[in-house]
Amino acid sequence: KMADDEGEEAPEGEGGGEEAQPEAPEPVTLKVRVEGARGVPEGSETTVSYSYSLKRPVLNEEGEPEEDEAALAAAFEKPEADEGEDEDAARPAPNRFDMETVHELPEVTEEMLYRLLTAPLEVKVEGLVAPGKVSIPLADLVLKKDPVPSDPDEPDFLPGAPGAIVRGWYRVELDGELPEPEEPPEGEEAAPVVFPEGVEVFVWLQLSTLLVPAEELPMLNILTFTVRSMHKVPERFHLGEEEEEENHLYNYAVSYSIPGPGEGAADVVITAEGGKMVAAYVKPPPEEEE
């Protein structure tokens, strides 16, 4: 019998059946794991958090970056003991976090690649004498560095692995200012407040799939411009006597204009983040020999 006879339908996939839709590609994910801290002063218990925007910051009227609701963010929370469980047994070891978060990334854009290549991930560290942070460069998540002998003997580290990994111990640096020393007992001098040296945090970041296919990486056009100083600027640009850097009247920015590709193409304009004027370094005079 013919498939178009009355009362009969063509089998699915034959003569007029709906074609199978291709499966949607798996989303690209970024796993961020903050394992723990070492070198922490005795008696200190730290916590960690991070927030990373895949977009260039937008400044408000006060010149502060606006909050990005789509930022990749996580914060360590101490696990609570289950009913009937000993609280001490449920509490993790001090300065051990084992905090792991998997973020689903949006569609890859030039702006995202720019951020990952230029803006490090900052992990905030609380619980020391003052807030601290570690800065982790993310360029190798895009460019995928070659394996080294110290890498673990695991498939994720082989040259043909689909994603990229950035990991290691990162030094904690002061994030802001130190607090004022406590009032000492009468007749004694105040002990100076010192940020601890040698504190490190272990962070592991892993992309499930490269954002740029491996065969296209050598074709990326990446230009890095570094402006370290300006010379012969107008006198009014300089700091006046007894004028603090934070209270200087001028804001500064540097921009480059690169001709676009092809005739009639628009120029590519790159603007550096706003900076501030700092006092010029003056080499001290040589000490006189006796």
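Only heavy atoms go into these numbers, but all of them, side chains included; no hydrogens, no water, no symmetry mates.
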Inset, instruction - Mind jotting down which residue pairs meet the ring-ring contact (aromatic ring centres under 6.0 Å, His included) criterion with at least one end in residues 121-150? Sequence neighbours excluded, please. - result: none
Heavy-atom check, side chain of [X] versus side chain of [Y], under 4.5 Å:
X    : Y    : value
L141 : L30  : yes
L143 : L117 : yes
P162 : L210 : no
L116 : L211 : yes
E66  : P57  : no
H103 : V32  : yes
V123 : I136 : yes
T46  : V199 : no

Considering residues, nucleotides and ligands other than [X], do more than 12 of their heavy atoms fall under 6.0 Å from its [atom1]?
X    : atom1 : result
E183 : CD    : no
E111 : CD    : yes
E215 : CD    : yes
E26  : CD    : no

Legend entry - For F195, all residues meeting ring-ring contact (aromatic ring centres under 6.0 Å, His included), sequence neighbours excluded: none
Legend entry - Pair E200 + R38: basic N to acidic O under 4.0 Å: yes
Inset, instruction - Output yes when E126 and K133 qualify as a salt bridge under the 4.0 Å nitrogen-oxygen rule, no when they do not. - result: no
Non-hydrogen atoms of [X] and [Y] that approach each other most closely:
X    : Y    : value
G132 : V172 : CA-CG1, 4.0 Å
P159 : K144 : O-NZ, 3.6 Å
E107 : M112 : O-CE, 3.5 Å

Legend entry - Polar side-chain atom of S44 near backbone of V40 as donor-acceptor pair, under 3.5 Å: no
Inset, instruction - Verify whether the ring centers belonging to W204 and F157 lie closer than 6.0 Å. - result: yes
Legend entry - Any side-chain donor near an acceptor of the partner, D156 and Q206, under 3.5 Å: yes
Could you list the donor-acceptor pairs under 3.5 angstrom formed between side-chain atoms of residues 173-180 and any protein atom two or more places apart in sequence or on another chain?
unit_1 : atom_1 : unit_2 : atom_2 : d
D175   : OD2    : K124   : NZ     : 2.9

